[in-house]
Protein chains: 2
Amino acid sequence: MSSAKKPNWNGCPTRYAAGIVGDKWCFLLLRDVLLHGKRTYREFLGSPEGISTNILANRLAKLEALGMLTREPDPRKASSVCYFPTQKSKDFLPALVSMMVWAALYDEATEAPASFATSFSNDPVGTIAWYEAEIDRVDQALRSN
Amino acid sequence: MSSAKKPNWNGCPTRYAAGIVGDKWCFLLLRDVLLHGKRTYREFLGSPEGISTNILANRLAKLEALGMLTREPDPRKASSVCYFPTQKSKDFLPALVSMMVWAALYDEATEAPASFATSFSNDPVGTIAWYEAEIDRVDQALRSN
DNA sequence: TTCGGTTACTTGCATATTGCAAGTGCCTTT
DNA sequence: AAAGGCACTTGCAATATGCAAGTAACCGAA
């Protein structure tokens, strides 16, 4: 791509993204927060990939430091902790969903229904808005305790 | 990876994507191939992140095994090797660009111009098509040697 | 008020992965 | 024939991970 138009400015955003998402566990935690409504250490531990406790603590701290999650006392039980998605991680949703669409297309063992990809390509904005609304619903319900 | 728990349909595509892109080096190699027109071992080594030779060989083999790249003799010089993107990796472009848009928004040190995000949101299909055309241009030029 | 259970971690240690430096083997160029 | 480039491989020390166990704080019931 040495044609005059687009030089190396592509590189930087990709490297930035790689620093956050280029880690299996961070990536899956973002999925759990953004798509599965998980908020607590215990819930993250329950995911089928089986993250171990030290790695989980390490990645939650990393994501908090990166401004992707906020660590707050659980409104339901003060002794527990909730990790809430920030606007920064909510804004990651379109990228996450784009990856899911791609994966659903190429993973032979995918469990995503074909309707998922078509509904996203028919109405990407609406699809993302739906996920965002789900997240806000979960968090507002939690915080109203 | 055969789990006792049945993952919800969101989970699987994300896990599939995490298995490929949830690795810093694979992620950056995809950038080099899809956005920077790099095709040879030597070019990948030259990227500013400084991948080491053993890791590079390992990741190229992984990406080839995953059907993201094809390994072929360099048409310009038989002793050299080219790694070409497959349709599978070209189809990853929308996800990659979505991540770049997100990163450009949140990375304070981004080098991406503001116009990048707006041009993608104004015309996502056209933007992706432009990148795909660039890739095809590079590969056809290479192959016509 | 003591007790068991829950939650969110931390610690220790064996194993796996990485980074770095130094080869190796096969062309190609001179 | 020699020199150099290219695409790797190998060895080894440093780092990161996975696993099991432990800890501290709190909560609800007896």
Side-chain angles (χ1 to χ4, degrees), chain A residues 15 18-30 32-33 36-66 68-85 142-143 145, chain B residues 1-5 15 18-30 32-33 36-66 68-85 142 145:
Chain A
R15 182 168 52 238
I20 297 178
V21 162
D23 173 89
K24 183 189 167 192
W25 294 122
C26 285
F27 193 92
L28 292 170
L29 286 174
L30 252 19
D32 284 349
V33 168
H36 290 225
K38 298 189 180 185
R39 296 292 179 269
T40 69
Y41 191 93
R42 191 88 351 211
E43 287 171 326
F44 299 134
L45 268 187
S47 291
E49 291 82 15
I51 192 171
S52 52
T53 59
N54 52 348
I55 302 299
L56 176 55
N58 176 276
R59 294 306 193 278
L60 288 173
K62 181 185 169 186
L63 289 172
E64 195 194 355
L66 288 165
M68 300 291 282
L69 301 176
T70 61
R71 185 183 184 280
E72 301 173 33
D74 190 326
R76 297 163 299 190
K77 195 163 81 167
S79 71
S80 187
V81 170
C82 279
Y83 290 89
F84 290 105
L142 239 177
R143 286 191 155 118
N145 281 291
Chain B
M1 186 87 51
S2 61
S3 55
K5 246 180 189 172
R15 182 167 52 238
I20 297 178
V21 162
D23 173 88
K24 182 189 169 192
W25 294 121
C26 286
F27 194 93
L28 292 170
L29 287 174
L30 253 17
D32 284 348
V33 169
H36 291 230
K38 298 190 179 185
R39 296 292 179 269
T40 70
Y41 192 93
R42 192 101 332 224
E43 288 171 325
F44 298 135
L45 268 190
S47 292
E49 292 81 14
I51 190 170
S52 52
T53 58
N54 53 348
I55 302 299
L56 175 54
N58 176 276
R59 295 304 194 277
L60 288 172
K62 181 185 169 184
L63 289 171
E64 195 194 356
L66 287 166
M68 300 291 283
L69 301 175
T70 62
R71 185 184 185 280
E72 300 173 33
D74 190 327
R76 297 162 300 188
K77 196 162 79 166
S79 71
S80 187
V81 170
C82 279
Y83 291 88
F84 290 105
L142 238 176
N145 280 292

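Hydrogens, waters and symmetry mates play no part in the numbers below; they use all other heavy atoms, side chains included. Numbered from 1 within each chain, the chains take letters A, B, ... in sequence-line order.
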d([atom1], [X]; [atom2], [N]) in whole Å:
X: Ile55(A); N: dA20(D); atom1: CD1; atom2: P; result: 14 Å
X: Asp74(A); N: dC9(C); atom1: CG; atom2: C1'; result: 16 Å
X: Leu60(B); N: dC8(D); atom1: CG; atom2: C1'; result: 10 Å
X: Leu28(A); N: dG18(D); atom1: CG; atom2: P; result: 11 Å
X: Asp23(A); N: dT15(D); atom1: CG; atom2: C1'; result: 14 Å
X: Glu72(A); N: dA8(C); atom1: CD; atom2: P; result: 14 Å
X: Asn58(A); N: dA8(C); atom1: CG; atom2: P; result: 17 Å
X: Ile51(B); N: dT17(C); atom1: CD1; atom2: C1'; result: 13 Å

I need the [X] [atom1] to [Y] [atom2] distance, nearest 0.5 Å.
X: Arg76(B); Y: Asp74(B); atom1: CZ; atom2: CG; value: 4.0 Å
X: Asp23(B); Y: Leu30(B); atom1: CG; atom2: CG; value: 10.5 Å
X: Asn58(A); Y: Trp25(A); atom1: CG; atom2: CH2; value: 12.5 Å

Against the six-membered ring of Phe84(A), is Arg143(A) placed for a cation-pi contact (under 6.0 Å from the centre, within 45° of the normal)?
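Here Arg143(A) passes the 6.0 Å and 45° test against Phe84(A).
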
Assess the residue pair Tyr83(A) and Arg71(A) against the criterion (side-chain hydrogen bond (donor to acceptor under 3.5 Å, both in side chains)); give the C-alpha distance rounded to whole Å, side-chain angles, the decisive distance to 0.1 Å, and a yes or no.
CA-CA 5 Å; Tyr83(A) 290 89; Arg71(A) 185 183 184 280; 3.3 Å; yes

Polar pair under 3.5 Å, donor/acceptor by atom type, side chain Ser80(A), base dT6(C)
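By the distance-only test, no, there is no pair.
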
Could you tell me whether the side chain of Ser52(B) has a donor or acceptor atom within less than 3.5 Å of a complementary atom in the base of dT18(C)?
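By the distance-only test, no, there is no pair.
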
Of Arg42(A) and Lys24(B), whose nearest nucleotide on DNA chain C comes first from the 5' end?
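So the residue in question is Arg42(A).
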
Can you see whether Thr70(B) engages Glu72(B) through a side-chain donor-acceptor pair at a distance of less than 3.5 angstrom?
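The criterion, which ignores hydrogens and geometry beyond distance, is satisfied for Glu72(B) and Thr70(B).
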
Would one find a side-chain N or O of Arg59(A) under 4.0 angstrom from OP1 or OP2 of dT17(D)?
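Checking Arg59(A) against dT17(D): at least one side-chain N or O falls below 4.0 Å of OP1 or OP2.
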
According to a strict under-4.0 Å criterion, is Tyr83(B) in side-chain N/O contact with OP1 or OP2 of dC6(D)?
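Result: no.
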
Using a 4.0 Å heavy-atom cut-off, write out nucleotides 24-30 of chain C from 5' to 3' as B (base contacted by protein), S (sugar-phosphate only) or - (no contact).
---SS--

Of the listed nucleotides dA7(D), dC9(C), dA21(C), the one nearest the side chain of Arg71(A)
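Out of dA7(D), dC9(C), dA21(C), the nucleotide with an atom closest to Arg71(A)'s side chain is dC9(C).
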
Nearest to the side chain of Ala57(B) - dA7(D), dT9(D), dA8(C)?
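It is dT9(D).
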
Judged by atom type as modelled, is there a donor-acceptor pair below 3.5 Å linking the side chain of Tyr41(B) to the main-chain atoms of Thr53(B)?
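Flag set: sc Tyr41(B) to bb Thr53(B) pair under 3.5 Å.
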
So Asn54(B), base contact, sugar-phosphate only, or nothing? Heavy-atom distance under 4.0 Å.
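Answer is base: heavy atoms of Asn54(B) come under 4.0 Å of a base.
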
